[in-house]
Each structure stands twice: as C-alpha cells, then as structure tokens.
Trainee: 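To start, I am sharing the structure in question, which I have written as structure tokens.
Below, all heavy atoms of this structure are taken into account, side chains as well, without hydrogens, waters or symmetry copies.
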2 protein chains.
Amino acid sequence: MSLGNALLGLLSHGPMTGYDLKKLLDHPIGFFWAAQMSQIYRELNTLEEKGLVKSEIIPQEKRPDRKVYQLTKGGKETFLSWLNKFPDQLNEASRSRFLLRIFFSSKIKLDELAFEIKRYKKEMEEQLGYLNKVAQWIKDYSREKKLKKHAFYWNLIVKKEHKSIAAGTEWADECLQLIEQKKRKEKRI
Amino acid sequence: MSLGNALLGLLSHGPMTGYDLKKLLDHPIGFFWAAQMSQIYRELNTLEEKGLVKSEIIPQEKRPDRKVYQLTKGGKETFLSWLNKFPDQLNEASRSRFLLRIFFSSKIKLDELAFEIKRYKKEMEEQLGYLNKVAQWIKDYSREKKLKKHAFYWNLIVKKEHKSIAAGTEWADECLQLIEQKKRKEKRI
DNA sequence: GAATTCATGTAACTTGTTACATGATTTA
DNA sequence: TAAATCATGTAACAAGTTACATGAATTC
C-alpha cells in the first residue's frame, strides 16, 4: 500500500483534506507517484478503518464542509516502519506503452514512428518546464524553517528527473537521426 | 488493454502457448512491460472470448498438453489498429516506490539513505548486464531473415535503456557524494 | 451566461499481485 | 535426492481507472 504510505507521509506534515492531499500528489509528487481523486478517498477510508488516520468535519461558510484528516499514533508508527524497513523491490514492474509500441513498430511507417518520437520529445520538454517549476516551489517552500530540512532530499529527486529528461531528449534526437538515415537508405534501394 | 495488445503482437510472430508468451514477456519485453503468468492466462481467455485469438490443444508424449494460441483475423486487425492509432497518453502514470521513499527520507538516517542508493546503483548495474544480454539476443535473433527487420527498432529500445541506466548510475554517484558532504557538514556543527 | 474551482464522494470495471494446486521429467 | 523446468491454471485480493453525481461560488 504505497499510496497509503504516501498519504500518511504527507499527513505527517499536518492535517489535511483529501482535496489538499490530491493537490500535493499532483504537484510535486506527481513525478513519482500519481493517484486519482477517487483512489485517494477510498484509501483514506481504508486508513481510517485501520485506525491510522482520523477525520474531523469542519463546517465552512459559503463552502462545502471540509473533512480534515490527521494521523493517529498508529498511523505515525506505520509510516515510520514503512520508511525504515527496506523494500524487497526498489522499482515497480516497468510498464511503458511507448516502448511497447516501438517494439512492434516495424509494422508502421517510419514517418509515423518519427512523429511519435517527436511527440515524446515534446513531452520531455514539457516535463522539463514543469520540473523547473517544482525546483522553484522547493526553494519557496523551504524558506519556512520547518520545511527547510526536506529541501536536500527533494532536490535529489529533481536532479534525478533532470538527468532522465536529458537522457530521454538526447535519445529522441538520436532516434530521429537514425530514422532519417534509414529513410534515405530505403529510398536508394 | 496494453497487455492484450502485447500478446496479440507477439502472436503475430507465430502461434505460441501461454508459457512461450511468458518467456518472451520476461526476456526482452520485461524491460518495458511486465506481467505475471496468471495475468497472461486470464488475458488469453479474455482475448479468446472476444474472438481475437483461437487455441488448439496439442497432445505431447511425456509432457503436459500444449495449448497453442494463434491470432484470428479480428486479432490481427485489432492489433494493427492499436498500433496505428495514437495513444492519448504516451507514458503511464509514473509510480516509483524508490523516489517516494526518498521524498520522505529526512526522517531516516543519512547512512540508511546512502545504503538504499547503493542498492539502487547495484540494480542499475545488474540491469546493464541484462541489457547487454538482450542486445546479444537481438543480434542472434536477427540472423533469421524473418526477424531481421525488427532489429532496428529493438535496438532503439536498447539505446534508450542504455541512456537511462547511465543516467541512473551517474545520479547515484552524485547523490552519494552529496550525502558524504552533508554528513561531514553535520559533524562539524 | 458559461466555465471553472472547491469539495465531497459512489459504482462499476479493469488491471495487477499473491497464494495455491497439480504432476511428470530433467538436470545438478 | 533435491531442485528446477514444463505447462496448465484458479481464487482471492489489492490497486488503478472511468464515469457519474451534487451544488454553491467565483471568475471570464
């Protein structure tokens, strides 16, 4: 239940609603753990059933009530024990629709493949823009003393994403060159 | 149903049993699409219900019967239309337990983080070894005329993995240095 | 006046994981 | 003789996605 632990971890920064959690999950965390709203609400229910979080309804004027979740003792313990014990597998089973398509792409036209790779490259560029925003967000956030200690770790993640985006972009360029070469070669024959 | 399309794609190379499919999924495809045996059997049943594959039981001496699956016309069409239409999202929602742990790692000791990153690096090295085997496998495989045309595309994937493994390894080294620096700094204070 | 945001969710469905089950044959 | 391989799966569960629902307040 990695999503559950993500939620517990976020709640260790303070009480929040499902909606707030979703925003954090989208924003800096989306890079390495995505979740749908509906999944978050379900997970929060499960966590509450297990006694790891408790909720309190706070009425608001002119707005729907806020259902604010906070960690219980058990929740803190569960989260810390998850953090402290080594996972038996570091990486999730990999699944990339994009590479799956490339694997079979001898059956499509070279131009179509090139198009798809260009779109991939564009996506990398968008992610880079987003990553820069995240880096800025970390800077802003870490002005608060309480959050300063996190910045070091969060920047490690940013660094990793930077490298992987660079690798992806480089790869895309090389691919496009190789495809051009292949196209010329096929014309000659 | 990406797994379904992967299976259809593999079956387009010729009739196979679920077991054979699993071996291919583990071996070169595992890099970008993993699946459990039980999932494959279930997916094959679904594909058969939809009329995209058909199976034939071939009795064997001294071995359990083979249940050989092959594509139907509908299966070929479905696969090709999947290949030819652009997916609305190239990348799956990202999920990395490893990065999730790093995000929260201000709560664990620096040495433990370093240990985890070292293990990550080791995993990268193992993957590199595996990747080299895959590259060799492609070479061997593409001696067969029928499969030669795939080699170009499969090598694009190898190239991508190479780059991403290199990026990961580099990142791990830099992290370990930064952690050492931070440790020294903390001792001084 | 239309679209978006805030805030809550439920239901149905699909996909992925883990554990269990069988039983002969081959390799170390 | 123990383990691994071949080959088939089922069942239960966990996790993720998509579609649907509500309704006020704010922004364009």
Trainee: Just how far, in rounded Å, is P of D/dG16 from CE of A/M1?
Mentor: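 After rounding, the reported distance stands at 12 Å.
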Trainee: With a 3.5 Å cut-off and heavy atoms only, can you find an N or O donor on one side and an acceptor on the other between the side chain of B/S2 and the base of C/dT15?
Mentor: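 No, the side chain and the base share no sub-3.5 Å donor-acceptor pair.
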Trainee: From D/dG16, C/dT15, C/dT18, pick the nucleotide closest to the side chain of A/Q39?
Mentor: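 Nearest to the side chain of A/Q39 among the choices is D/dG16.
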Trainee: Of the nucleotides D/dG16, C/dT15, C/dA19, which has the atom closest to the B/R42 side chain?
Mentor: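 Nearest to the side chain of B/R42 among the choices is C/dT15.
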Trainee: Salt bridge check, B/E180 against B/K183: does any charged N sit closer than 4.0 Å to a carboxylate O?
Mentor: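 A salt bridge links B/K183 with B/E180.
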Trainee: Rounded to whole angstroms, how far apart are OH on A/Y69 and C1' on C/dG9?
Mentor: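 Rounding to the nearest Å, OH of A/Y69 and C1' of C/dG9 are 10 Å apart.
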Trainee: Between B/D20 (CG) and D/dT5 (C1'), how many Å, whole number?
Mentor: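 Computing the B/D20:CG to D/dT5:C1' distance gives 13 Å.
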Trainee: Of B/V68 and A/A34, whose nearest nucleotide on DNA chain D comes first from the 5' end?
Mentor: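 Per heavy-atom nearest nucleotide, the more 5' residue is B/V68.
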Trainee: Could you check how far CZ of B/R66 sits from P of D/dC6, rounded to whole Å?
Mentor: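 It is 11 Å, rounded to the nearest whole Å.
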Trainee: I'd like to know if the side chain of A/Q136 pairs up with that of A/D140 as donor and acceptor (distance under 3.5 Å, no hydrogens or angles considered).
Mentor: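 Per modelled atom types, A/Q136 and A/D140 side chains form a pair under 3.5 Å.
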Trainee: Which whole-number value in Å describes the distance from A/W33 CH2 to D/dA15 P?
Mentor: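 Rounding to the nearest Å, CH2 of A/W33 and P of D/dA15 are 9 Å apart.
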Trainee: In plain terms, say whether A/E48 and A/K54 are close enough for a salt bridge, that is, a side-chain N and a carboxylate O under 4.0 Å apart.
Mentor: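 No, A/E48 and A/K54 are not salt-bridged.
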Trainee: Contacts to DNA chain D from residues 7-18 of chain B, heavy-atom cutoff under 4.0 Å, which residues?
Mentor: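 Only B/T17, B/G18 qualify.
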Trainee: From the options A/Q181, A/K187, A/E186, select the one residue that forms a side chain to side chain contact (heavy atoms under 4.5 Å, CB included) with A/R184.
Mentor: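 Only match with A/R184 under side chain to side chain contact (heavy atoms under 4.5 Å, CB included): A/Q181.
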Trainee: As a test of reading the structure: which of C/dG16, D/dA15, D/dT10 is closest to the side chain of B/N45, going by heavy atoms?
Mentor: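 Nearest to the side chain of B/N45 among the choices is D/dT10.
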Trainee: Would you please confirm or rule out a distance under 4.0 Å between OP1 or OP2 of D/dT5 and any side-chain N or O of B/K23?
Mentor: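 No.
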Trainee: Going by distance alone, is a donor N or O of one side chain under 3.5 Å from an acceptor N or O of the other, for A/K107 and B/S12?
Mentor: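 Yes.
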Trainee: Mind calculating the distance between CD1 (A/I40) and P (D/dG16) to the nearest angstrom?
Mentor: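 That distance rounds to 11 Å.
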Trainee: Report yes or no: do B/E92 and A/S96 form a side-chain donor-acceptor pair below 3.5 Å?
Mentor: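 On atom types as modelled, these side chains do not qualify, holding no pair under 3.5 Å.
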Trainee: Are A/Y41 and C/dT8 close enough that a side-chain N or O sits under 4.0 Å from OP1 or OP2?
Mentor: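 Yes, within the criterion.
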Trainee: Is there a donor-acceptor contact under 3.5 Å linking the side chains of B/N5 and B/S2?
Mentor: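 The criterion, which ignores hydrogens and geometry beyond distance, is not satisfied for B/S2 and B/N5.
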Trainee: Under 4.0 Å between a side-chain N/O of A/K67 and OP1 or OP2 of C/dG9, yes or no?
Mentor: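 Result: yes.
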Trainee: Does D/dT17 have OP1 or OP2 sitting under 4.0 Å from an N or O in the side chain of B/R95?
Mentor: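 For D/dT17, OP1/OP2 do have a side-chain N/O of B/R95 under 4.0 Å.
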Trainee: Over how many whole Å does the gap from B/M37 atom CE to D/dT8 atom P extend?
Mentor: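 About 7 Å, once rounded to whole Å.
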Trainee: According to a strict under-4.0 Å criterion, is B/Q36 in side-chain N/O contact with OP1 or OP2 of C/dT17?
Mentor: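 Indeed, a polar side-chain atom of B/Q36 lies that close.
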Trainee: Among D/dT5, D/dT10, D/dT17, find the nucleotide with the atom closest to the side chain of B/Y19.
Mentor: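 Among the listed nucleotides, the one closest to the side chain of B/Y19 is D/dT5.
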Trainee: Do B/K67 and B/Y41 meet the criterion of a side-chain donor-acceptor pair at a distance under 3.5 Å?
Mentor: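 There is no such pair (donor and acceptor under 3.5 Å, judged by atom type) between the side chains of B/K67 and B/Y41.
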